[in-house]
J.: 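Structure provided below as structure tokens; questions to follow.
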Amino acid sequence: MAHMNRRRWLESMGIAALASALPNASLPGQLKSPEGSGKRRLDISEFQPKSMLHVPETKVSRSRYSVIDVHTHLSIRANSVHGVGLGEKMEFLATPESILPTMDRKNIKMMVNLTGGSGKGLEEAIQKFQQPHPDRFLTFTEPSWDHSNQPGYSKFQADEIERAHKAGAHGLKVLKTLGLYLRENVTEGRLVKIDDPRFDAMWDACGALGMPVAIHVSDPEAFFLPTDRFNERFEELNNHPDWSFQDHDFPSNAEIMEARNRVFARHPKTQFIVLHVGNNAENLPYVSECMDRFPNMTVEMGARLGELGRQPRMSRRFFEKYQDRILFGTDAIPNGTDTPQQVFVDQLYEIYYRFLETEDEYFDYAPSLVPPQGRWRIYGIGLPEEILKKVYYGNAARLLNLKV
Ligand SMILES: [Zn+2]
């Protein structure tokens, strides 16, 4: 595209800063500048349109039934290099006292802290949350990535799972580290595939111990495409350039999904909670196909209201068809202001409840001035009581072996 055209186009989109960065020497059409045309410029990041739609607004302060939030992050590994969490040292993002009041107000019976770490870190995470409040907090463990390039890792990791189970872990969490960050030499070398056989003993150990595996692989489809004017997540990727997997040696989204599916097929006795609506909320037909192929697959809905809520009819059919295999989760992070779709505040839960319980139209999917995961709004799917009960707590209680 010629500079002139590109500059005009950027200006018309309001990306003034980018447009003015282009060299002026190649711009012969100065007289037709926006200043001359009387049109105003507006930086897209400053655009905060208010909806003029007059439609009912339902405030859902408390969920109709008690909630088990199966996807939260109350602790994280303190050290990570190139996206790989290392060591046992933990960083704690909250105390029980700081979050129990919100939980009580919002009718959250229990929160599952997925990123509980391993070894001493896991013990500490359990001591801080689960031990004093066993009916309010559960903890999952994580693989010891720093050992993954050592001989005997396979057995070591399987034994670690057993030790974690004895220490009180209820499941295993696998971050998108696997498939996108973990390399042959942990942080360097070739990317390790999700279905690498060194993890087979780990998946099997989880199955044998009845510990579900909460797995996040890949990311939104748009994160694998160039961050350009055609990308529906442009602003988000522009704010977080490290979320783009478009170049370097990253595999495609489809390759990652297929490798993951081979793991599900190879370990039918292991239960997989596939986070973020099967990591493909934009493509519910594909998620449905996977659900039909793999009876050991359950999905969770955290940080994907933006996707589910912009296709309310398709979503409603998905919730009806798979009502026994969908879990409530938010991906909540205390003080996570950097990602408003995940910040642990009252409003976040009110939005989830409104989406699930009402047929309200065109509302924000995150507590934020601008929709953070694409500039659109969402529609509620008004689930019936029987499905709400299953999604809010029934399915999770069954999978996690809890008495309700
Ligand atoms: Zn998460």
Side-chain angles (χ1 to χ4, degrees), residues 67-78 80 83-85 90-94 99 102-103 108 110-118 121-122 125 129 137-143 145 169-182 194 211-220 223 233 236 240 242-243 245 253 256-257 260 271-282 287 297-308 326-345 348-349 351-352 365-368 372-373 396 399-400:
V67 161
I68 299 176
D69 186 344
V70 301
H71 188 170
T72 73
H73 300 284
L74 306 180
S75 57
I76 50 168
R77 281 197 166 115
S80 87
V84 184
M90 299 301 281
E91 185 185 328
F92 290 90
L93 308 177
I99 50 181
T102 305
M103 291 173 68
I108 305 161
M110 181 173 270
M111 283 174 72
V112 181
N113 177 23
L114 290 181
T115 35
S118 56
L122 172 72
F129 292 97
F137 299 104
L138 290 188
T139 317
F140 275 33
T141 186
E142 295 174 88
W145 301 123
H170 285 254
L172 172 72
K173 166 75 196 272
V174 175
L175 292 163
K176 66 184 172 193
T177 305
L178 187 56
L180 287 171
Y181 298 119
L182 184 70
I194 294 171
M211 293 167 74
V213 178
I215 186 166
H216 174 168
V217 302
S218 198
D219 250 343
F223 290 12
R233 311 285 283 260
E236 187 184 18
H240 305 272
D242 54 318
W243 291 2
F245 301 112
N253 181 47
I256 296 176
M257 294 290 168
R260 176 202 76 180
Q271 287 296 327
F272 291 92
I273 302 171
V274 193
L275 303 171
H276 308 301
V277 197
N279 297 112
N280 211 348
E282 306 91 317
V287 180
M297 172 177 171
T298 298
V299 298
E300 172 274 348
M301 58 189 289
R304 292 297 179 273
L305 284 195
E307 300 300 340
L308 293 173
I326 301 174
L327 309 182
F328 181 92
T330 58
D331 206 357
I333 304 175
N335 309 307
T337 45
D338 197 34
T339 46
Q341 67 275 11
Q342 293 170 246
V343 63
F344 179 77
V345 291
L348 184 80
Y349 287 90
I351 295 171
Y352 275 79
Y365 58 78
S368 169
Q373 298 170 290
L399 208 63
L400 293 164

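One-based numbering, in listed order, for ligands and for the atoms of each. Note that this is a predicted model, so its numbers are computed, not measured.
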J.: Atom CD1 in Ile194, atom CG in Leu182: separation rounded to 0.5 Å?
T.: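 It comes to 10.5 Å.
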J.: Any N/O/S of His276 under 2.8 Å from the Zn ion (ligand 1)?
T.: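 His276 does not place any N, O or S atom closer than 2.8 Å to the Zn ion (ligand 1).
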J.: How far does CG of Leu308 sit from CD of Glu282, to the nearest 0.5 angstrom?
T.: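 One finds 10.0 Å between CG of Leu308 and CD of Glu282.
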J.: Could you check which N/O/S atom of Asp331 is closest to the Zn ion (ligand 1)?
T.: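 Answer by atom name: OD1.
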J.: Kindly confirm whether the Zn ion (ligand 1) is within less than 2.8 Å of some N/O/S atom in His73?
T.: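 Short answer: yes, at least one N, O or S atom is under the cut-off.
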J.: Is a side-chain donor-acceptor pair under 3.5 Å present for Asn253 with Ser218?
T.: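 There is such a pair between these side chains.
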J.: So, for Met90 and Ser75, which heavy atoms are closest and what is the spacing to 0.1 Å?
T.: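 For Met90 versus Ser75, the nearest heavy atoms are CE-OG, 3.6 Å.
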